Structure formats: structure tokens, C-alpha cells
Number of protein chains: 2
Amino acid sequence: MARTVDPAKYAAKRQHILDCAAVLFAQQGYERTTTSQLCARAGISPGNLYHYFAGKKQVFLAVLTQDEHDTHALLDRLTQEAAPLEALISFVLHLARPATADPIVPKLVLEAMLQAHRDPEVGAELARVDDDEMRGLRVLLSRAVQAGEADPALDADDAAAWISALVSAVYLQTALAPDFDAAQQLANLTRTVRAFLREA
Amino acid sequence: MARTVDPAKYAAKRQHILDCAAVLFAQQGYERTTTSQLCARAGISPGNLYHYFAGKKQVFLAVLTQDEHDTHALLDRLTQEAAPLEALISFVLHLARPATADPIVPKLVLEAMLQAHRDPEVGAELARVDDDEMRGLRVLLSRAVQAGEADPALDADDAAAWISALVSAVYLQTALAPDFDAAQQLANLTRTVRAFLREA
DNA sequence: GTCTATATCTGGATAGAC
DNA sequence: GTCTATCCAGATATAGAC
């Protein structure tokens with residue numbers, strides 16, 4: 001019984017630090033958030049932070065990777081649905097909903113996007129997630145085209161990229177204009193996607 | 001004839017500094033661009049920078065405010081056109097086009113957006129520009145509705161905000177995926193706006 | 001494991017000669 | 001007006017006691 005540490009406590013504290021960091025990074029951005037601020041908010045000493053993370057950047061990366069919504073499981077379900085267009089809409093909503101759920105999420109995502117093309121490590125992390133999204137969009141989109149529910153003149157890659165951009169627009173707008181109505185945002189998004197896919 | 005300085009030379013050098021700063025801020029962001037880097041690139045000494053700007057932040061603000069495309073003149077023309085919907089589309093293109101013209105523009109705009117909700121001074125500056133855009137969109141949109149060219153069920157404020165978000169999406173996508181085709185982007189945007197405004 | 005104290009470095013801005 | 005040299009603040013990360 002000579003266990004020195006309680007792994008559960010360790011994990012809990014680590015998580016606590018991540019939660020605090022997420023708020024600060026979202027509010028202030030990565031660069032102007034200092035480790036002192038983080039430690040103060042988490043209620044730990046500056047030195048103690050380094051027992052949980054190798055440095056500030058590792059904290060940031062950990063924040064970004066912590067909640068990977070399992071798109072894979074959902075995607076498997078959706079690709080077998082009878083109504084491809086509705087499946088696509090469901091997927092789009094799944095991608096956009098986190099933006100409206102917690103106000104710090106869109107800010108964090110934007111921060112990550114900007115850091116991504118400045119820091120290769122962050123970029124690699126984001127690219128992985130984005131790839132999954134794009135692949136899912138392409139698959140569902142081509143199914144919708146085959147079923148005659150979307151304009152066959154659309155280029156699959158291009159249309160998927162654009163729909164992804166539309167989702168990003170929701171994140172952007174939610175982050176920058178927090179007073180804007182979340183439900184209305186999602187309604188606009190679905191209306192837009194549907195209209196975009198319809199034949200011209 | 002005892003003029004000590006040539007005002008034209010002064011202005012030219014100031015502009016040169018701004019050009020250099022714009023590139024650095026776009027590539028690296030505001031925070032991680034140092035005054036030393038800026039001076040090195042501009043070919044001036046650290047001290048000399050402060051003869052042209054009061055500080056780093058003032059350089060950033062000057063970069064943001066330097067080219068205010070005169071939306072007002074265009075707007076006056078467009079509000080008198082016979083075809084309101086086409087006028088609206090023209091306006092949207094006018095707003096989006098800078099994103100595709102110079103690759104540093106969209107990055108700079110995004111950087112400004114993020115800084116805006118962290119620094120009130122930047123925020124005030126951006127809000128002024130955004131206000132003009134939104135006002136223009138609302139006016140043109142309501143004219144289109146009156147002419148029966150847009151869905152009358154749309155809420156003017158909400159729809160204008162959403163169209164503005166769509167424009168932002170072009171900036172976002174251009175900044176983050178520079179390999180993406182500019183013309184295609186604008187085509188997607190107009191198609192999307194048109195489709196969004198059509199009756200459901 | 002957690003603290004306090006501090007080393008080390010870097011950045012923005014200034015002083016003062018030329 | 002422009003330079004060189006430097007100050008001072010603040011940030012990350014480490015050392016070492018408890």
C-alpha cells in the first residue's frame with residue numbers, strides 16, 4: 001500500500017488546470033495569457049504547473065485535443081440513413097452546435113485556427129480534425145447527389161470546402177457577436193446549406 | 001526656405017514602415033511580432049521607430065485604418081440602381097473582393113477581429129467599419145424585399161448579419177486555405193447569397 | 001508533490017550622442 | 001532624424017527546501 005500518488009487526484013487536478021486554461025486562452029488568446037495568470041486561477045504555484053505539463057504550449061495543445069467529439073460514430077450512422085440530404089444537414093448541425101453551446105468554445109476554436117498557421121504543431125492537430133470533417137462532408141454530399149437531392153453540377157471537393165466554411169462562419173459570428181441568437185444562427189445555416197445545394 | 005524636413009519623405013517612410021508591419025502582423029500576428037523584427041525589416045533602428053509612431057499598438061491601428069475603401073460612395077450609387085438584388089450582390093462582392101486580391105489582407109482582417117474583442121481601441125475601430133457595412137446591407141436588402149426580389153419573411157437585421165457572416169467566411173477560408181481558388185470562392189458566395197434570399 | 005525564490009531571457013520603450 | 005546603448009518590466013522555466 002505504498003502508493004505515493006492517487007492517480008485519480010492527479011488526473012482531476014490536471015483537468016482542473018485545463019479548464020482554467022481554456023477560459024483564459026479563450027478570453028485573452030494564447031500569447032497574452034501568462035503562466036502566472038493560469039497558476040493564480042488554478043490555485044497552484046508557478047513551479048507546480050510543470051509537474052503536470054512540460055510548458056505553456058503543451059497546456060494549449062492539451063486544451064485543444066481534450067474533447068474530440070466522436071464524429072466517426074455519428075458518421076457511420078449517417079451514411080446508412082435513407083435520406084442523404086437530411087443526413088448531411090444533421091452532420092452540419094453536429095459540426096456547428098458546439099459553437100452555440102458554450103460561449104468559450106468558438107473563441108477557442110478561432111484562436112486555434114490562427115495559431116495553426118503559425119505553429120506547425122498546432123497546425124497538425126487542427127488539420128487532423130478538419131480532415132475528418134471534410135471527408136464526412138464529401139461522402140454525405142456525394143450520396144445526396146446520387147439520390148438526386150443535390151445539384152449534380154456541384155464539384156464535391158469544392159462544395160464540401162464551402163460548406164465547411166459556412167460552419168466556420170457560425171463560429172466566427174458567435175465568437176465576435178455573442179449577443180447574437182444561437183438558434184437563429186443554426187436556422188440560417190441550415191437554410192443556407194439547403195439553398196446552396198438546390199439546383200440553381 | 002529653412003524647412004528642416006521634407007514632409008513627403010517623412011510620409012513615405014512612415015508608409016514604408018506600415019507596409020512592413022502589415023506583412024509581419026499578417027504572418028505572425030500582433031503579439032508575436034516584435035518591434036525589433038519590424039525595425040529590422042523596415043531597415044531602421046529601434047529608436048527611430050518612435051519618431052513615427054508612439055508605440056507598437058499605434059502601428060497596428062495605423063495599419064488597420066490605412067485603407068478604408070470608400071463604401072459610402074459606392075453605396076450611394078447602388079441605392080439608386082434599378083435592380084435592387086443585383087445591387088446587393090454587387091455590394092457583397094465589393095465587401096468580399098479585398099480578401100481575394102492580396103493574400104495578406106484576409107490574415108490581417110482575422111487578426112484584427114480577434115484583437116478587437118480583447119482591446120477596446122481595436123474594437124472601436126472595427127465596429128465603425130462593420131457598422132457601415134451592416135447599414136449598407138440592411139438598406140439594399142430592404143429595397144430588394146420591397147421590389148419582390150427577396151423573401152419578405154426574412155428579418156432585415158438578422159439577414160444582414162448573416163450575409164455579413166458569409167462574407168467573413170470568405171476571409172476566413174482565404175486566410176486559412178490559401179491554395180483555394182479565389183474566383184471559385186466569390187462564385188460560391190454569390191450563389192449562396194442568392195439562394196439564401198430566395199423564398200424557401 | 002507542492003511550495004518559495006530566483007535565474008535567465010526577451011521585449012518594449014527611452015536616453016543621449018551625433 | 002537617426003543611431004547605439006541601455007533600462008526596466010514581465011514572462012518562462014528551474015532550483016531546492018519542506
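Numbered from 1 within each chain, the chains take letters A, B, ... in sequence-line order. Owing to the predicted nature of the structure, the values given are computational and were not obtained by experimental measurement.
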### Message
Tell me which pairs pass side chain to side chain donor-acceptor pair (under 3.5 Å) where either residue lies in residues 104-124 of chain B, with sequence neighbours left out.
### Response
A:Arg32-B:Gln115, A:Glu111-B:Arg118, A:Arg118-B:Glu111, B:Glu31-B:Gln115, B:Lys57-B:Asp119, B:Lys57-B:Glu121, B:Glu111-B:Gln115
### Query
Listed in order of residue number, which residues of residues 16-34 of chain B have a non-hydrogen atom at under 4.0 Å from DNA chain C?
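Going residue by residue through residues 16-34 of chain B, the ones with a heavy atom under 4.0 Å of DNA chain C turn out to be B:Thr33, B:Thr34.
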### Task
Compare the minimum distances between each of D:dG1, C:dC3, D:dT2 and the side chain of B:Tyr10, then state the nucleotide with the smallest one.
D:dG1
### Summary
In whole angstroms, the gap separating P of D:dT12 from CG of A:Leu49 amounts to 10 Å
### Message
Does A:Phe53 reach a base, just sugar-phosphate, or nothing at all? Heavy atoms under 4.0 Å.
### Response
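A:Phe53: no heavy atom of the nucleic acid under 4.0 Å.
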### Query
How would nucleotides 13-18 of chain C be written as a contact map, 5' to 3', with B for base contact, S for sugar-phosphate-only contact and - for no contact, using protein heavy atoms under 4.0 Å?
BB----
Donor-acceptor contacts, no H, no angles, side chain residues 91-102 of chain A, under 3.5 Å, sequence neighbours left out:
unit_1: A:Thr100; atom_1: OG1; unit_2: A:Arg97; atom_2: O; d: 2.9
unit_1: A:Asp102; atom_1: OD1; unit_2: A:Ile104; atom_2: N; d: 3.1

### Message
Taking ring pair (Phe, Tyr, Trp, His ring centres under 6.0 Å) as the definition, give me every residue that meets it alongside A:Tyr52, ordered by chain and number, with sequence neighbours left out.
### Response
A:Tyr10
### Message
Once side chain to side chain contact (heavy atoms under 4.5 Å, CB included) is applied, do any residues pair with B:Gln15, and if so which ones, sequence neighbours excluded?
### Response
B:Leu18, B:Asp19, B:Gln66
### Task
Identify whether the distance between the nearest side-chain nitrogen and carboxylate oxygen of A:Asp131 and A:Arg128 falls below 4.0 Å.
no
### Query
Is the phosphate of D:dT2, meaning OP1 or OP2, less than 4.0 Å from a side-chain N or O of B:Lys13?
yes
Please report, to 0.1 Å, the donor-acceptor pairs under 3.5 Å made by any side chain of residues 156-166 of chain A, with sequence neighbours excluded.
unit_1: A:Asp158; atom_1: OD1; unit_2: B:Asn188; atom_2: ND2; d: 3.3
unit_1: A:Asp158; atom_1: OD2; unit_2: B:Gln184; atom_2: NE2; d: 3.1
unit_1: A:Asp158; atom_1: OD2; unit_2: B:Asn188; atom_2: ND2; d: 3.4
unit_1: A:Trp162; atom_1: NE1; unit_2: B:Thr192; atom_2: OG1; d: 2.8

For residues 138-148 of chain B, which side-chain donor-acceptor pairs fall under 3.5 Å, sequence neighbours excluded?
unit_1: B:Ser142; atom_1: OG; unit_2: B:Arg138; atom_2: O; d: 3.3
unit_1: B:Ser142; atom_1: OG; unit_2: B:Val139; atom_2: O; d: 2.9
unit_1: B:Arg143; atom_1: NE; unit_2: B:Thr79; atom_2: O; d: 3.3
unit_1: B:Arg143; atom_1: NH1; unit_2: B:Thr79; atom_2: O; d: 3.1
unit_1: B:Arg143; atom_1: NH2; unit_2: B:Thr79; atom_2: O; d: 3.3
unit_1: B:Arg143; atom_1: NH2; unit_2: B:Glu81; atom_2: O; d: 2.7

### Query
Which residue pairs pass the salt bridge (Lys or Arg N to Asp or Glu O under 4.0 Å) test when at least one of the two sits in residues 180-200 of chain B, sequence neighbours left out?
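Listed by first then second residue: A:Asp151-B:Arg191, B:Glu86-B:Arg194.
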